[in-house]
Amino acid sequence: MNERPSFLLDGDEVPFEPGQTVMQAALAAGRYIPHLCYHPEFTPHGSCKLCTARINGRLMAACTTPAETATEVESETEELNDLRRTLVQMLFAEGNHFCPSCEKSGNCVLQALGYDLGVMTAGFRHFFPDRPVDASHPEILLDFNRCILCELCVRAAREVDGKHVFSLAGRGLGKHLIVNAESGRLADTDVKVTDKAVEVCPVGVILRKRVGFATPIGARRYDKSPISAQALADAPRPLERNHD
Amino acid sequence: MTDVTRRKLRVATTSLAGCFGCHMSLLDIDERLFPLLERIEFDRSPLTDIKHCGPCDIGIIEGGICNAENVHVLREFRANCKILVAMGACAVTGGLPAQRNHLDLGLCLQEVYLTDPGVAHGMIPNDPELPLPLDKVHPLHEVVKIDYFIPGCPPSADAIWKFLTDLIEGRTPKLGHGLIHYD
Ligand code: SF4
Ligand code: SF4
Ligand code: FES
């Protein structure tokens, strides 16, 4: 019988299928590595760096690094979680995240990561940028104040909906979300409220209108259990091979 | 144990650009106030009406910084408190008052006091007793060093209780799942 290939994650063996990334193998094996722009259904983007792990001594994004044998991966360390906290803090300071009035609160991945990592303050000076919302579409609200530039909407539109609705424009601090319409308004794109791109936004940018605050505080997704537990519950598992 | 001989910790609290919701949440610890008062005594606080802060072990501040007086009070707290705590979303992030930060302050005042429908014979208040509003609202840590943060709008009574008991017992305060909240 062939031994399955494996690598070491924080000292424990994690088996993998050839072609899997470190993130995919870890989640499939029930091991959580914090992540924000990674989503099991889409091509990894590798931009948020929340999943940064020490892989054979080097800092690498676990969501884009292919799993290989004879690799040592460190993830659950104070050093890495400190770096992750700083990344989350920068995202909070850069946008306008006023959670008490956000429809996504309680179901928000950024917020849940902050809770799980113990982020008590943004720490940095808040930018308080001026980013008007786009309420032009009858069924969908776009609140740019909370965009974390993860490109999940871009990927979902392209890979699932088969359209080009969203894109990121500009560079560095000026980077921002745009929509594919000459007017720049969401109402003039071919987006549909049923699109995957609308559902997938991990924060409160792309919001379906008239459904906000439907779930009471206490019953929302991350009220029930922390994101580390939910990510594992949701992770795609390979067919259990050791039983066949 | 000689609990009785232990000196009570002196605690000051204040609300700056806040709504007193955090203080209400503090009172919401209900009967746990009794054991708390065996360990602490209040200095300057809305609960004592003492007007200025003396030397304290812990200062707890609700609300962010929106006017010149807020800055003075915050500095008084920092100068007198060994440990300074930002309590609630406004103290930690600027919160609701900071939602005006992308607007021009002059236009805000004009709209509220002069042009808003329903305002008759309006004027922008200019009594010299009134503290001048700042151009932008700031979270506390942008003005002085803050030692601990309790997020939440407001933080729940249980979160405040957990934080205070940890701190009083000399543990590093830690709010776990369910107690740490930004909303
Ligand atoms: S998007 Fe998330 S972190 Fe930002 S305000 Fe909304 S709930 Fe808070
Ligand atoms: S709109 Fe949402 S999904 Fe799209 S990039 Fe911004 S945060 Fe990501
Ligand atoms: S989850 Fe890997 S870089 Fe974002």
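Note that the coordinates shown come from a computational prediction; the quantities given were computed from them, not determined experimentally. Just so it is clear: chains get the letters A, B, ... in the order the sequence lines come, proteins before strands, and each one is counted from 1.
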Got more than 12 heavy atoms from elsewhere within 6.0 Å of CG, A/Leu173?
no

Who wins among A/Ala122, A/Pro129, A/Gly114 for the most heavy-atom pairs under 4.5 Å with chain B?
A/Gly114

Backbone of B/Cys19 reached by a side-chain donor or acceptor of B/Glu62 within 3.5 Å
yes

Looking at B/Pro139, B/Ala86, B/Ala89, which makes the most heavy-atom pairs under 4.5 Å with chain A?
B/Pro139

Side chain from CB out, backbone as N, CA, C, O: work out which of these in A/Phe124 comes under 4.5 Å of a heavy atom of chain B, or both, or neither.
backbone

Using a cut-off of under 4.5 Å on heavy-atom pairs, state which of A/Gly123, A/Ala93, A/Gly218 scores highest against chain B.
A/Gly123

Please output the residues of residues 193-206 of chain A in contact with chain B, using a heavy-atom cutoff of under 4.5 Å, in numerical order.
none

Below 4.5 Å from any heavy atom of chain A, which atoms of B/His138 appear? Answer side chain, backbone, both or neither.
side chain

Is B/Glu41 salt-bridged to B/Arg10, going by a charged N under 4.0 Å from an acidic O?
yes

Does B/Ser25 use its side chain to pair, donor to acceptor, with the backbone of B/Pro155 at less than 3.5 Å?
yes

Taking atom types as modelled and ignoring hydrogens, do the side chains of B/Glu142 and A/His126 form a donor-acceptor contact shorter than 3.5 angstrom?
no

Pair B/Arg32 + B/Asp158: basic N to acidic O under 4.0 Å
yes

Checking heavy atoms, do the side chain of B/Leu96, its backbone, both or neither come under 4.5 Å from chain A?
both

Salt bridge flag under 4.0 Å for residues A/Asp143 and A/Lys104
no

Taking atom types as modelled, find out whether B/Ser15 and B/His23 have a side-chain donor-acceptor pair closer than 3.5 angstrom.
no

Do you know which of B/His141, B/His102, B/Lys174 has the most heavy-atom pairs under 4.5 Å to chain A?
B/His141

Short N-O contact, B/Lys51 and B/Asp49, less than 4.0 angstrom:
yes

